[in-house]
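The structure under discussion appears below in the form of structure tokens.
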Amino acid sequence: MMNETVILNDLDPRQKEAVVHTDGPSLIVAGAGSGKTRVLTSRIAWLLCKGTDPSRILALTFTRKAAGEMKDRIAAMAGVSLARKLCMGTFHSVFVRFLRQYHELLGYPKDFTIYDTGDSTSAIKHCVQELKLDEKVYKPKEVLSRISMAKNNLCTSEAYAANTAAITNDRQARKPEIHRIYAKYQQVMLANGVMDFDDILLNMNKLLTLKDASGEPVVNQIAGLFDYVLVDEYQDTNLSQYLILRKLCQFHRNICVVGDDSQSIYAFRGAKIENMLNFKKDYPEMKLFALECNYRSTENIVAAANTLIAKNAARIPKTCFSSREAGEKIVLEKTYSEMEEASAIASAIIRRIRENGASYQDFGILYRTNAQSRAIEEALRKRNLPYFIFSGNSFYERAEIKDMMAYLKLIVNPRDDEAFRRVINKPARGIGDTSLAVIATVASAEGKSFFEAACSPGLEEYGIKSGALGRIREFTAMILAHNALQGDKDAYSLTLSIAEKSGLYRFFKEDTTIEGQSRLANIDELFNSVKGYIDERNNSYIEDMIADGQINDGSAVPAESLPQVSLSDYLESTSLLSATDVADDETANRIALMTVHSAKGLEFPYVFVAGMEENLFPSGGMMITPQELEEERRLFYVAMTRAKQALCLSFATARMRNGKREANSPSRFLKEIDSKYIANPYVVQDIADDGDSGLVSRLLRGGSSGRPSFQGGSRSSAPMGAGRPSVQPQRPQYVAGSGPRTLRKTNAPTPVKEDFVPDSPLDLRAGMRIEHNRFGLGNIISITGDPSALKATIRFDASGEKVLFLQYAKIRIVH
DNA sequence: CGGCCCCGCGTTTTT
DNA sequence: CGCGGGGCCG
């Protein structure tokens, strides 16, 4: 356990203030690169240091990665045993725990499962069909988004139907039946024992208004569990989350929220920047801390971003400054097509590598829309530059994975109709549309789920043929058998079993086409993922026991005594987690391509932002509202502040969009940056000042300035070209097992779990200097045990001697 | 039951 | 232009 001095050691005075002021409401406005996470974790460590019971601290984040990262850092500062007792996680995962605990009050089964956006969309679609409405008019995605917005604003289906504004609005949009779809959807979801993401928050709100069986308000019980509440990325909270927080903090008012209003980019999803702007209204006694020192970017970049964001009206006034040198000016790059733009970026990267000794992972190429990646990919491929894309399409969105997941969901919650539909005839087992229609009719008539309908004895009477009936019975029996095994078998063996028994694995195995083989590989990858999850859980269980001093030898924990990791545990871990689509080795030393949204929280020495054009960035064109324009500006602010060393902003005067060539003028944002921070501001100022097309003004000018840098061999304005060599760039580091969005600042104040590539246990020898992903540096004292269960006694510098199971521990040799 | 073709559509996306 | 979904045909 660290002492107070150590916690405060690497913090600047402002950060220190924010860390030690623990009681009462705090608003920490943390500019980009200002050490936000460091302050949050130090604050928790500080509380622990002061003797606060960790279980009475609630810390909420948006992503699981952020939660994990914070937990790791706190573990490094305050010890694993304290860190693991914290109530820390995403809004959704923490609240799901409470919802399960109080499921009866809400009328949900204990094993309710969670629908992802895809599941919800298809559920909506089926509701639209059942209500005999036109899918063209009631596009499932659109309807879902409308319902989602309603839920985020705590508008239940009943409230929606009674809300004249909403109804009028829908009528004017020629979609008057949305309220009926909403009602139907909610009814089906409840009957299926399923919640969508928004329901988790909505029901949490509802729960906090209920009384338990003994008549005690639930809010007293839950809010009473905590003395301190901390929230990360507060600018991204929606109304639903805001209200929950308010209820949870009403007794002690020890709420600490951290965020940056300038980086609020999720309004389109219901996030309310007002939550941050109005914090003082709810908590007049609050203390404001502004972290304005940016440790990430050079002064030029920080100052330039400041001038941009100053154009926004809705913001908390603050002026960020850099702790670093002035650095290079921002370079603009004008091109005439998206291909040319991509080539310019690729050339600039090559030049940087040659002249600055940069490596691939030092580059981030950001864009507003995913469609822009294509041209860039082609340019990079042509030059053999390795890259990876943070794709929106995740592992869990692949059809074959969805199939397997649907089986798993159905085992845990047989009432899940969407899962049932998906797998009832997968692989084909002679239960076609006709049979499914009958099942649907029965379910609807008897108010049952599909599964219950499929089990009901009177199914023949509805006209199911005996052959099909037998197969249906076989199917339900198979699911029920697995459902019953959940207590005895762990997630892995159930997954293997259902893959085999359902015939799905054989089905994919028999498909010898290339795609078929890839699907099979994905299924195998899913098995690995389940196994990995179980190992991870076992590993941390053992480490926790050791850290707790309950045991000091990993061998005291025979495998069979480890708590079993159930299928339901696994499902919850995946349903609330966006996929880790990009494996670590795929991101290793590659150029990163991603949308600006995905880049939030990341940093790169060299950043390119492509497509700086009106109608693209800012997107939307004329029908964009002032609020939306401000959000676009914040989005661009996020893009700019990803850069540590150098920033290049490019635009194309024309590009292919939806199969058509479109002319665009440069983004207004380019002109909003004070030109003194730009190396070649004339590139944008000369042209298209007032809707004039770039081509015309170029012809008028004689075309000498603003020429693309690689026409005619001129390269004077090449993006981020031969900048003077400066500090050796720090490289972004990705967390082991990380999903797309995790990147750690390299100037982290404490040792943390890094980009961990563990060495094989077989390579470890007594006497070696090693590093453990959690416990840090240490020396191997001895290695014992038989080859199948090797254990090592390791003396850690920070935490003393421990015995670890090598099959679980992640250890690498330090040379 | 599966494959092929045609049509429509086309920001951003933690959970 | 490139994709996914739905419908129709073999």
Side-chain angles (χ1 to χ4, degrees), chain A residues 60-67 89-96 114-122 125 129 135-136 139-142 144-145 148 151-152 195-202 204 232-233 235-238 240-241 263-271 338 366-372 374-375 390-394 396-397 399 425-434 511 513 572-579 594-601 611 615-621 623-624 628 631-632 634-636 638-639 655-662 739-742:
Chain A
L60 297 170
T61 63
F62 275 84
T63 67
R64 229 184 167 207
K65 279 299 159 343
T90 64
F91 280 90
H92 295 260
S93 69
V94 170
F95 295 164
V96 161
I114 296 157
Y115 270 5
D116 64 26
T117 321
D119 297 330
S120 299
T121 310
S122 92
K125 192 169 130 184
Q129 285 168 355
E135 276 180 65
K136 296 262 155 55
K139 292 189 202 107
K141 270 196 183 142
E142 209 179 299
L144 178 64
S145 129
S148 167
K151 285 184 184 174
N152 287 158
M195 288 190 202
D196 65 21
F197 293 137
D198 306 312
D199 285 331
I200 293 173
L201 303 177
L202 188 67
M204 187 67 194
D232 192 17
E233 305 279 17
Q235 77 282 350
D236 288 337
T237 51
N238 61 30
S240 202
Q241 289 160 324
Q263 293 184 65
S264 163
I265 55 173
Y266 286 114
F268 71 92
R269 219 163 43 187
E338 72 277 13
L366 314 184
Y367 35 79
R368 179 69 241 266
T369 66
N370 284 307
Q372 290 170 254
R374 177 175 253 108
F390 280 2
S391 143
N393 262 23
S394 67
Y396 290 101
E397 277 163 34
N425 200 29
K426 201 159 282 176
R429 52 170 75 84
I431 310 176
D433 289 346
T434 330
D511 182 350
T513 62
E572 188 152 315
S573 83
T574 57
S575 66
L576 292 174
L577 175 68
S578 84
M594 68 190 82
T595 63
V596 182
H597 280 94
S598 310
K600 189 173 162 206
N615 285 329
L616 185 56
F617 202 177
S619 79
M623 45 190 304
I624 194 170
E628 286 166 338
E631 174 142 321
E632 292 287 312
R634 291 192 294 270
L635 189 58
F636 183 43
V638 168
R655 78 171 59 230
M656 282 297 249
R657 277 241 261 181
N658 303 338
K660 279 196 181 72
R661 275 211 94 58
E662 264 179 24
R741 322 190 72 257
T742 344

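Numbers restart at 1 for each chain; the letters A, B, ... are given by sequence-line order, proteins then strands.
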Looking at B/dG10, B/dT11, B/dT15, which one has an atom nearest to any side-chain atom of A/T63? B/dT15
Of all the nucleotides listed (B/dG2, C/dC1, B/dT12), which has the minimum atom distance to the side chain of A/A428? B/dG2
Please report the distance, rounded to the nearest Å, between CD1 in A/I624 and P in B/dT12. 14 Å
Just how far, in rounded Å, is P of B/dT12 from NZ of A/K600? 17 Å
Rounded distance (Å) that lies between atom P of B/dG8 and atom NZ of A/K660: 14 Å
Report yes if at least one side-chain N or O of A/K125 is closer than 4.0 Å to OP1 or OP2 of C/dG6; otherwise report no. yes
Atom CG of A/N658 to atom P of B/dG10: distance rounded to whole Å? 9 Å
How long is the line joining CD of A/E662 and C1' of B/dG10, in whole Å? 11 Å
Criterion side chain to side chain contact (heavy atoms under 4.5 Å, CB included) against A/L366, the qualifying member of A/T595, A/L635, A/V596: A/V596
OP1 or OP2 of B/dT13 versus the side-chain N and O atoms of A/S598: is any pair under 4.0 Å? yes
Heavy-atom closest pair (A/A599 atom, A/M594 atom, distance to 0.1 Å) is CA-SD, 3.5 Å
What is the distance, to the nearest angstrom, from the CG atom on A/D433 to the C1' atom on C/dG6? 12 Å
Does some side-chain heavy atom of A/E233 sit less than 4.5 Å from a side-chain heavy atom of A/T61? no
Here the pair of heavy atoms bringing A/L60 nearest to A/T90 is CD2-O, 4.2 Å
Please check the phosphate of B/dC1 (OP1 and OP2 only) for any side-chain N or O of A/N425 closer than 4.0 Å. yes
Of A/G430 and A/T595, the one whose nearest nucleotide on DNA chain B sits closer to the 5' end is A/G430
Take the protein atom CD of A/E631 and the nucleotide atom P of B/dT13, then report the distance between them rounded to whole Å. 12 Å
With nearest nucleotide decided by heavy atoms, which residue, A/D198 or A/E632, maps closer to the 5′ end of DNA chain B? A/E632
Counting only side-chain heavy atoms from C-beta out, which of C/dG6, B/dT12, B/dT15 sits nearest to A/H597? B/dT12
Heavy atoms only: give me the nearest A/I200-A/F95 pair and the separation to one decimal. CG2-CB, 4.0 Å
OP1 or OP2 of C/dC3 less than 4.0 angstrom from a side-chain nitrogen or oxygen of A/R374, does that happen here? yes
Just call it for A/T117: base, sugar-phosphate, or nothing, with non-hydrogen atoms closer than 4.0 Å on any strand. base
Choosing from C/dC1, B/dT13, B/dT11, which nucleotide comes nearest the side chain of A/R368? B/dT11
Side chain of A/T90 - closest among C/dC1, B/dT15, B/dT12: B/dT15
Whole-Å distance separating the NZ atom of A/K139 from the P atom of C/dG5: 15 Å
Stacked pair A/F268-B/dT11, distance under 5.5 Å, angle under 30°: no
Using the ring-ring contact (aromatic ring centres under 6.0 Å, His included) rule, pick out the option among A/Y367, A/F390, A/F268 that qualifies with A/H597. A/F268
Does a side-chain N or O from A/N370 land closer than 4.0 Å to OP1 or OP2 of B/dG10, or not? no
